[in-house]
Student: 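The structure under discussion is supplied below as structure tokens; questions concerning it will follow.
Whatever order the structure lists them in is the order used to number ligands and atoms, beginning at 1. For the single chain, residues carry numbers from 1 onward in sequence order. As the structure is a prediction and not an experimental result, all values here were calculated from the model.
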Amino acid sequence: MSRIRKGSRVWSGAERLAAAARVMVPNGGDYFTIEPDALFARVAPLEIELGAGRGDFIIARAAAYPERNFLAVELAGTIAQLMAIRAGRAGLDNLRVARMDARPLVNLMLPEASVAAYHIYFPDPWPKERHVKHRLFNPILIAGLKRTLRHAAPLYVATDVAAYAEAIFAALGAAGFVRVDDAAPGAELTGFAMKFRAQGRAVHAGAFHRTGRTS
Ligand SMILES: C[S@@+](CC[C@H](N)C(=O)[O-])C[C@H]1O[C@@H](n2cnc3c(N)ncnc32)[C@H](O)[C@@H]1O
């Protein structure tokens, strides 16, 4: 109940609603669809963050790269709304927020070779064996990442959970991704990154390129 009250507080006030409306991908009608080119009033390389949380990283990144388009995807309603308010207040024309599950977006909705970079930072680890099925990274999502990435476009990943990092990196390797760097920009800048670094926890990060496509 308190979570519902907290959510309704976030999602109230004319200024907040107006700020969020500037960046929020509309979610009305019978079907939720995403047309990347139609979201922005221009064609530009598209970077996507999956599970963007409060948006600390993607808002800073969109401000730093105005020539690129950015889509922040977040499943949790209240968190997505908070991010949309922050992003709208930042006045960025090149950032949109989608409150949705990242899996159908990547697996079904995005066109092939349409993404110039993915950022996935500190995905929920679901450490219990019976909960592993809830993890974002699974073979279907990885196939979707591979399908939607452009040639030589990076997939950036970071997690503080060593076992999850090992599983993700192995699954990416098995799917034909090559690790090209052990750094990722969001491994320093997301809300969780800053929290974990302050706690002195190790962060496992990597940049990956898909192999096998030349266009
Ligand atoms: C541990 S938090 C990390 C947030 C942010 N990336 C950071 O580093 O600060 C994981 C986030 O992923 C979101 N999330 C979990 N599953 C998701 C999914 N299937 N699609 C989109 N977002 C998801 C959660 O709601 C949460 O905000």
Student: Just to confirm my output: which protein heavy-atom neighbour is closest to atom 25 (O) of ligand 1, and how far is it?
Tutor: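 Minimum-distance protein heavy atom for atom 25 (O) of ligand 1 reads Glu74 OE2, 2.5 Å.
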Student: Does Gly191, backbone or side chain, put an N or O under 3.5 Å from an N or O of ligand 1?
Tutor: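 For ligand 1, there is an N or O atom that lies under 3.5 Å from one belonging to Gly191.
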Student: N/O of Leu50 under 3.5 Å from N/O of ligand 1, yes or no?
Tutor: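 Between Leu50 and ligand 1 (N or O atoms, distance only) the closest approach is not under 3.5 Å.
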Student: Should the pair Glu15-Arg89 be classified as a salt bridge under the 4.0 Å nitrogen-to-oxygen rule?
Tutor: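 Between Arg89 and Glu15 there is a salt bridge, with a charged N closer than 4.0 Å to a carboxylate O.
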Student: By number and element, which atoms of ligand 1 are closer than 4.0 Å to a non-hydrogen atom of Met100?
Tutor: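 Listed by number with element, the hits are 20 (N), 21 (C).
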Student: May I ask you to check whether Arg42 and Asn94 show a side-chain donor-acceptor distance below 3.5 Å?
Tutor: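 The criterion, which ignores hydrogens and geometry beyond distance, is not satisfied for Asn94 and Arg42.
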Student: Using heavy-atom distances, let me know which of Thr78, Val106, Asp101, Asp124 sits nearest atom 10 (C) of ligand 1.
Tutor: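 Going through Thr78, Val106, Asp101, Asp124 one by one, Asp124 has the nearest heavy atom to atom 10 (C) of ligand 1.
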Student: Taking distance alone, with N or O pairs closer than 3.5 Å, would you say Phe192 contacts ligand 1?
Tutor: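 In this structure, Phe192 places an N or O atom under 3.5 Å from an N or O of ligand 1.
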Student: For Asp93, I'd like to know if atom CG has over 12 heavy atoms of other residues, nucleotides or ligands within 6.0 Å.
Tutor: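 For Asp93, atom CG is not crowded (no more than 12 foreign heavy atoms under 6.0 Å).
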Student: Where is the tightest heavy-atom contact between His209 and Pro154, given as atom of each residue plus distance?
Tutor: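 Nearest pair, atom of His209 first, then Pro154: CD2-CA, 3.8 Å.
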Student: Heavy atom of His134 under 4.0 Å from ligand 1?
Tutor: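 Not so, His134 does not reach ligand 1.
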Student: Assigning hydrophobic clusters by single linkage (Ile, Leu, Val, Met, Phe, Trp, Tyr; side-chain heavy-atom cutoff under 4.5 Å), is Phe57 placed with Leu75?
Tutor: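 Phe57 and Leu75: separate clusters.
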Student: Considering non-hydrogen atoms of the protein only, which is the closest contact for atom 8 (O) of ligand 1, and what is the distance?
Tutor: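 Checked against all protein heavy atoms, atom 8 (O) of ligand 1 sits closest to Thr190 OG1, 2.6 Å.
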Student: Is the ring centre of Phe169 less than 6.0 Å from the ring centre of Phe208?
Tutor: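 Judged by ring-centre distance (under 6.0 Å), Phe169 and Phe208 do meet the cut-off.
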Student: Among all the protein's non-hydrogen atoms, which is closest to atom 23 (C) of ligand 1, and how far away is it?
Tutor: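 It is Leu75 CB, 3.6 Å.
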Student: Can you confirm if the NZ or CZ of Arg61 lies within 45° of the ring axis of Tyr65 and under 6.0 Å from the centre of its six-membered ring?
Tutor: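 Judged by the rule, Arg61 and Tyr65 form a cation-pi pair.
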Student: Please could you name the atoms of ligand 1 that Glu49 approaches to less than 4.0 Å, counting only its heavy atoms?
Tutor: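 Listed by number with element, the hits are 6 (N).
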Student: Is it true that the NZ or CZ of Arg135 lies under 6.0 Å from the centre of Tyr164's six-membered ring and within 45 degrees of the ring axis?
Tutor: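 Yes, Arg135 and Tyr164 form such a contact.
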Student: At their closest point, which heavy atom of Leu71 faces which heavy atom of Val25, and how far apart are they?
Tutor: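 That closest heavy-atom pairing would be CD1-CG2, 4.1 Å.
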Student: Out of Ala102, Gly53, Gly51, who gets a non-hydrogen atom closest to atom 6 (N) of ligand 1?
Tutor: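 Ranked by closest heavy atom to atom 6 (N) of ligand 1, first place is Gly51.
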Student: For ligand 1, is Arg54 a contact, meaning one of its heavy atoms is under 4.0 Å away?
Tutor: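 No, Arg54 has no heavy atoms under 4.0 Å from ligand 1.
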Student: How far is atom 3 (C) of ligand 1 from its nearest protein heavy atom, and which residue and atom name does that atom have?
Tutor: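 Going atom by atom, the protein heavy atom closest to atom 3 (C) of ligand 1 ends up being Phe122 O, 3.4 Å.
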